[in-house]
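The next block holds one structure in the form of structure tokens; read it before the comments.
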There are 2 protein chains.
Amino acid sequence: MGVSPAVGGSPAKEQQAAGVGILLQIMMLVLSFVLGHVLRRHKFYYLPEASASLLIGLIVGGLANISDTETSIRAWFNFHEEFFFLFLLPPIIFQSGFSLSPKPFFSNFGAIVTFSILGTFIASVVTGVLVYIGGRMYLMFGLPFVECLMFGALISATDPVTVLSIFQELGTDVNLYALVFGESVLNDAMAISLYRTMSLVRNHASGQNFLMVVVRFLETFVGSMSAGVGVGFVSALLFKYAGLDVDNLQNLECCLFVLFPYFSYMLAEGVTLSGIVSILFTAIVMKHYTYSNLSENSQRFASSFFHLISSLAETFTFIYMGFDIAMEKHSWSHVGFICFSILFIIVARAVNVFSCAYLVNLFRPVQQKIPSNHQKALWYSGLRGAMAFALALQSVHDLPEGHGQIIFTATTAIIVLTVLLIGGSTGTMLEALQVVGDDRDGHLGEIFEANNGYVAPSYIEAGPSENRFKTKLKEFHKRTSSFSALDKNYLTPFFTSQNEDDDEDDEPMPSSRREGFMANR
Amino acid sequence: MGVSPAVGGSPAKEQQAAGVGILLQIMMLVLSFVLGHVLRRHKFYYLPEASASLLIGLIVGGLANISDTETSIRAWFNFHEEFFFLFLLPPIIFQSGFSLSPKPFFSNFGAIVTFSILGTFIASVVTGVLVYIGGRMYLMFGLPFVECLMFGALISATDPVTVLSIFQELGTDVNLYALVFGESVLNDAMAISLYRTMSLVRNHASGQNFLMVVVRFLETFVGSMSAGVGVGFVSALLFKYAGLDVDNLQNLECCLFVLFPYFSYMLAEGVTLSGIVSILFTAIVMKHYTYSNLSENSQRFASSFFHLISSLAETFTFIYMGFDIAMEKHSWSHVGFICFSILFIIVARAVNVFSCAYLVNLFRPVQQKIPSNHQKALWYSGLRGAMAFALALQSVHDLPEGHGQIIFTATTAIIVLTVLLIGGSTGTMLEALQVVGDDRDGHLGEIFEANNGYVAPSYIEAGPSENRFKTKLKEFHKRTSSFSALDKNYLTPFFTSQNEDDDEDDEPMPSSRREGFMANR
């Protein structure tokens, strides 16, 4: 507490340093929120909130670096991977799932899985091989092949935050949104898995082949998904039967409701599954079933609560990252490595997106193919963020002899560049590719509602006619009818106490759609 | 993330352990909430929520101790004083202040300060001297005099959580509530200050006298109060002029609102003042001024949010403490020390309460004297909790040679006993002392409302008549008129945008009163 100025030994001093550190962080948070608000009010999309937060972190970190700050205060700003994974990431991912409208996500599920598993694998290998060849040709610092693959894996983790916030702000196509969102959430898990495997291969040179990685990833994915869905269903049943939706128990109801997502995340982590995947599915299930079992006040509170917590976590993550980038030691002697890495990841993401899109389009009927402007938007959305940063920080420990330092510096440079450049130009890009919410999108929105939430990815391209529209409707209905029927006839009655969802399925639902799709910003 | 089971080096393992640790903690939290709810629904007041949480922590800790738990998981359950002071304590104190009705608090301010400064000082010295004499007479283990005083200081910090929650549940006298609450919050700061000073005296044997401690405490107190009030006023002005109370900015509004209390706490800690005192006054100011500048939705959200966060922090603190008590090494060889300490702290608290009450009553007019049943209730409410625990844990580091261990063990025994015994019997005690909310209390409540929030502390005792009532009203009015006038004519118009408060001051305000006094449970 440091109650008296002169009194107080080492613990009091430490606590004082912690106080100053947290105070600075809060001030930066407030500054970010205010700055972000001012920029948004003036419709200045070239510096989104995430970029602003990163810049604030960089500037304050730079100032702290120049001035002679105490090390004990500095210690509070070090980016701890554990803190990021255990406390900052869960609310962000939960809110993504909670505010997601599940139908476009599930109708694009095949494509999302292709992009995030096969695509991330391709991107990692392509980046790794290119970096290795670049090193062999003396274009850049030559890393051993395994380390190149590690770098390829960690740099393939794309960040959902910034691009998605702009997508939501501008109101883009639901399918494109679902693709970008789904890919960026699920590819994190794949990137981590690949990175860890490569790290193990490097240390023990065990004979695990690449196919094993994919099989394991699938195992983990299915396990995590089941755990997440299971926890979600348990929460739905608890709130259905516990009778907590009376007036004076609102606090108890909310306490339990906010503990479930975290429970799901930690359960998955505890049994070495993927917490990200698990909490994502818990979020979807809780939104669909548990949420409607809450009292009305608690529903309103829960939405605001998760929105608030995730906003704080998001903003804090970018500030924290910016500050740490400014504070950490970097080895700027390898500028060539950075420049060529940037080139290579652009190439690798192009290979990833366009080859996977080609593959997905092979299996999709002609009206549902992923149009080329969506592919380009997806290619462009490969912003690198906190996940790549956390893994790069880990590589500093994993790879001694300065190699980790080089990877770390290259990663931070890529993050800063992509966040500032891609983040700042996403609005322009979306407009240029004509996927932004204009008149046509308004039209799309109407049909989206009338059409029970489903719309063909290629709707604009295909030149809509009343006839085609009906065909599509039928196709979509066929494809998803089994799950819809299961949901309507068994799951919803079993897990919820109200039967509103039935009506929702038959009627336009402007409010529900807005809630799901727009509530995030 | 530990995505693949066999894959994963040391960081993945560590994270897994953290996941399991947090998972267990969440399960205990859920269990506590559910158990507490079930007990409350059956009106079983002998095991309040805090006691239940402590017991759950003790039991799970005991089981973990017997079984062969991994040390990495255990590490997650160690009670870190820093974590307690920086993350668990602020929301608890803020919620106390935020849900407090300020009028009884300020009308008893003189008494509260007397109890918490002079009283805590008396209690510390009496306990210390008795323990020293006990040691000299070979009744118990003999500690050096300075260490006895350190023990006296740390054991004099009373805990607000359990007793107050029962007070609120049963609806007791507002003045008694204000006394117990105010004393337990402010005496923490005094106890810390005394403990730190003694610790310094022990190390350096510097010639600081006891008067200096009091002067320093007052300095700190005034400084912290000013900082807290200042931050509160800044927040009121921000929300008055920023124009954030429009519909789509609710999230930004809430983000900023929840950052201010934390800012106040860390500001005070950063400049070596008392964060507890500072956040308490920020809470009071924010409730009175800032709160009315929020939009209606944000008001509802902010109340629920702080209530939720503080419930989680409170419950978690007791679980955490119980678990750590079960896990830490104890030196049970000095049972005599424990038994006599318990006797001595009862005596010391009696000296504290009855002498201070005598002093306060000397200066109070006859109708406002603290009645003897209130004094007894105050004596009885001396439950020891997390603050004493955190300081005792520190004493293990501060005092080597096993002395710290003895103090720690005695403190934990006292905490467990007082939480279970006092916590379980507070309801009975309040009924026996006739300060519980029965018919008379209902009457009291009505008059409280009609009487602009003021009621004499000795209202029940004095045998109310219309005449006396009017006299009291006048006296109270005189005593508080200067601040009320200042508030009404200058502060409220300056810091808030609505003028509702004016009306509130002239009319009965049943809803506002319920909000302030009952919202906590």
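Convention: sequence-line order gives letters A, B, ...; per-chain numbering from 1. Note that the structure is a prediction, hence the values are computed from the model and not measured.
M266(B) places none of its side-chain heavy atoms less than 4.5 Å from the side chain of Q25(A). Contact check for I22(B) versus F263(A): no side-chain heavy atoms found under the 4.5 Å cut-off. Counting heavy atoms from C-beta on, the side chains of L312(A) and C255(B) come closer than 4.5 Å.
With a 4.5 Å cut-off on non-hydrogen atoms, L252(A) touches chain B through its side chain but not through its backbone. Looking at L256(A), only its side chain comes within 4.5 Å of chain B, counting heavy atoms on both sides.
Q250(B) approaches S304(A) most closely through the heavy-atom pair NE2-OG, 4.0 Å. Closest approach of F305(B) and I309(A) over heavy atoms only: CE1-CD1, 4.2 Å. Residues C254(A) and L308(B) come closest through the heavy atom pair C-CD1, 3.6 Å.
Between L267(B) and the options V20(A), L23(A), I26(A), a side chain to side chain contact (heavy atoms under 4.5 Å, CB included) holds for only L23(A).
Of all the listed residues (F33(B), Y262(B), F301(B)), the one sharing the greatest number of non-hydrogen pairs under 4.5 Å with chain A is F301(B).
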